Amino acid sequence: MRVLIVRTSALGDIVHALPSLAAIRRHLPAARIAWVADEAFAPLLEGHDDLERVIAAPLRRARRTGERSRGVRDLLRFLGRLRAF
């Protein structure tokens, strides 16, 4: 079983969702769990014992980039990592 947690927007959202991660792990010990987080906050989750993978989403950077093709490439790479999970 695979579980994907998606909390990308803010640091507080991620912190408040951490107990949910522990509960999922307790109830589904064999599950593969990944978390999608904005690339600015992804390092906070890296190495967490209950996570198999952190998938950094370039959402803010993709919106801010002045070069539209780079933003599209970043999003396509992100979608590839998401599909791989």
Side-chain angles (χ1 to χ4, degrees):
M1 173 182 280
R2 290 179 288 176
V3 177
L4 181 65
I5 300 170
V6 181
R7 292 303 309 171
T8 62
S9 59
L11 175 61
D13 290 343
I14 291 171
V15 170
H16 287 294
L18 281 171
S20 299
L21 171 61
I24 292 167
R25 178 55 68 208
R26 235 183 354 267
H27 293 287
L28 301 170
R32 295 176 56 209
I33 304 173
W35 192 311
V36 174
D38 187 270
E39 61 190 358
F41 305 120
L44 299 171
L45 296 166
E46 290 290 341
H48 194 289
D49 291 339
D50 291 330
L51 285 173
E52 177 181 318
R53 185 176 304 171
V54 177
I55 303 170
L59 302 175
R60 292 179 191 192
R61 186 166 42 96
R63 277 184 253 149
R64 281 193 313 244
T65 186
E67 186 182 332
R68 186 179 210 130
S69 62
R70 179 174 178 210
V72 170
R73 280 192 310 269
D74 289 345
L75 284 175
L76 290 174
R77 274 194 294 270
F78 162 72
L79 291 173
R81 290 191 304 270
L82 198 56
R83 273 190 225 112
F85 175 71

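The figures here come from the full heavy-atom set of this structure, side chains too, leaving out hydrogens, waters and symmetry mates. Treat the numbers as computed from the prediction; the structure is a model and nothing was measured.
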Using a 4.5 Å cut-off on heavy atoms from C-beta on, say whether the side chain of Leu21 contacts that of Leu45. no

Would you say that Asp49 contacts Arg25 through its side chain, given a criterion of any heavy-atom pair below 4.5 Å between the two side chains? no

Which pair of heavy atoms, one from [X] and one from [Y], lies closest together, and at what distance?
{"X": "Arg53", "Y": "Ala84", "result": "NH1-C, 3.9 Å"}
{"X": "Asp50", "Y": "Ala22", "result": "OD2-CA, 3.9 Å"}
{"X": "Pro58", "Y": "Arg81", "result": "CD-NH2, 4.5 Å"}

Taking Phe41 as the fixed residue, which of Ile14, Val15, Val54 is the one that meets the side-chain contact (heavy atoms from CB on, under 4.5 Å) rule? Ile14

Measuring from Asp38:CG to Asp13:CG, what's the distance to the nearest 0.5 Å? 11.5 Å

Residues 27-37 side chain polar contacts: donor-acceptor under 3.5 Å, at least two apart:
{"unit_1": "Arg32", "atom_1": "NE", "unit_2": "Glu52", "atom_2": "OE1", "d": "3.0"}
{"unit_1": "Arg32", "atom_1": "NE", "unit_2": "Glu52", "atom_2": "OE2", "d": "3.1"}
{"unit_1": "Arg32", "atom_1": "NH2", "unit_2": "Glu52", "atom_2": "OE2", "d": "3.1"}

